[in-house]
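Any value given below was found using the heavy atoms of this structure, including those in side chains, with hydrogens, waters and symmetry copies removed.
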Amino acid sequence: MKSIHYKFIYIMCITLTLVLSCSSDNGSDADTDLEIEIDEDTDSQGTVDITAVVQANFINDYTEAVSIQVNGDYISISSTGLPDHKTPYWGEGHEMYEDFPGTNHANANTTMIAFNYVMTIPAYPAEASEKEQTDFGPVGMALNGVPLYNDYEGGGLLAEDAWGTFDASGAHPGPNEDYHYHCEGEYLTVDDSNLIGFLRDGFPVYGRKDMDDSYPDDLDENGGHVGVTSDFSEAIYHYHVSNDVYSTSGLYVIKSGDYYGTKGTFTE
């Protein structure tokens, strides 16, 4: 019993010494630095540079209104937001006018206008330590400079009164005459593996298929996965247009849920 008692006292002394040592100024600073380093690493740069792909693919043949500027570790993409393809929202008599598909019709915003959009994204996108929900408004930009929206419209989820006003490209203008895509459609992507743009976190978004023409079955809750693509020989996280029909619309939304990375800015 006496031996056990001495051992207990010895263990308590060692423990007290360690506690006092760890509570010293030097130890406290080291712990703080470590915590900051871990946090910074979680949202640090990724390993894949998207700059060359961005520069090679962002173009608007019709309006010639997309430009790229690289600023260190960030890329700024400027655009008027006007599409380079046909849509009834150009207005009858316009050379790029075409009628609505099926029974669709114009919404209250019958016209679209040019903006001074600038989307700034990281050149080396990385996974965010905390995922942020996408919200109403631009969640990314298509390769022709038109904003990409998620499955929200106004104050809530897309409903028939919204998708009934889509043109053949799954798009329409908002209250500010701001044309934008919500869903898969002509001139953008239709059941394919096309690169259609980048989200605000810098990660690319593709059509419903992978480059081997198969539908990915390992998408995460953010609608993406890691792998090589036709544009990136090094594996990179990338989104896909949903392969599940949205509600009763018969359409496939481009994005819902959270961003995988940390979103950049999108200004008008």
Could you report the tightest heavy-atom contact between [X] and [Y], atom names first, then the distance?
X: T120; Y: S76; value: OG1-OG, 2.9 Å
X: E177; Y: F115; value: O-CE1, 3.7 Å
X: I75; Y: I50; value: CD1-CG1, 3.8 Å
X: L188; Y: A142; value: CD1-CB, 4.0 Å

If we only count heavy atoms from C-beta on, is the [X] to [Y] side-chain gap below 4.5 Å?
X: S193; Y: D210; answer: no
X: S242; Y: V253; answer: yes
X: P173; Y: T111; answer: no
X: Y259; Y: V139; answer: yes

With sequence neighbours excluded, give me every salt bridge (Lys or Arg N to Asp or Glu O under 4.0 Å) pair touching residues 58-85.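 The answer is none; no pair qualifies.
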
Just by modelled atom types, is the L251 backbone N or O under 3.5 Å from a matching donor or acceptor in the S249 side chain?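 Indeed, once roles are kept as given, a pair shorter than 3.5 Å links the two residues.
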
Check for a donor-acceptor pair, side chain of T165 on one end and backbone N or O of N107 on the other, with a separation under 3.5 Å.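 A pair under 3.5 Å: no.
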
Mind checking side chain to side chain donor-acceptor pair (under 3.5 Å) for Y215 and listing every partner two or more places apart, or none if nothing turns up?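 Y215 satisfies side chain to side chain donor-acceptor pair (under 3.5 Å) with D191 only.
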
Decide ring pair (Phe, Tyr, Trp, His ring centres under 6.0 Å) for F100 and Y89; before the verdict, give the C-alpha distance in whole Å, the side-chain angles of both, and the deciding distance to 0.1 Å. CA-CA 9 Å; F100 285 93; Y89 290 107; 5.3 Å; yes

Passes side-chain hydrogen bond (donor to acceptor under 3.5 Å, both in side chains), H238 versus T229? Steps please. CA-CA 9 Å; H238 57 279; T229 75; 5.9 Å; no

Aromatic ring pairing Y260/F203, orientation class (parallel under 30°, perpendicular over 60°, tilted between):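 Aromatic pair Y260/F203 classed perpendicular.
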
Once the angle between the rings of H182 and H180 is folded into 0 to 90°, is it parallel (under 30°), tilted (30 to 60°) or perpendicular (over 60°)?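 Perpendicular.
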
Does the pair E184 and Y246 meet the rule for a side-chain hydrogen bond (donor to acceptor under 3.5 Å, both in side chains), with working shown? CA-CA 11 Å; E184 171 189 272; Y246 183 78; over 6 Å; no

Would you say that more than 12 heavy atoms from the other residues, nucleotides or ligands in this model lie under 6.0 Å from the OH of Y74, or not?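 Counting other residues, nucleotides and ligands, OH of Y74 stays at 12 neighbours or fewer.
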
Carefully, step by step, assess Y181 and T189 under the rule side-chain contact (heavy atoms from CB on, under 4.5 Å). CA-CA 11 Å; Y181 301 111; T189 175; over 6 Å; no

Working for side-chain hydrogen bond (donor to acceptor under 3.5 Å, both in side chains), residues N144 and Y62: CA-CA 9 Å; N144 61 2; Y62 183 73; over 6 Å; no

Full working for side-chain hydrogen bond (donor to acceptor under 3.5 Å, both in side chains) between Y179 and D167: CA-CA 11 Å; Y179 186 80; D167 59 17; 2.5 Å; yes

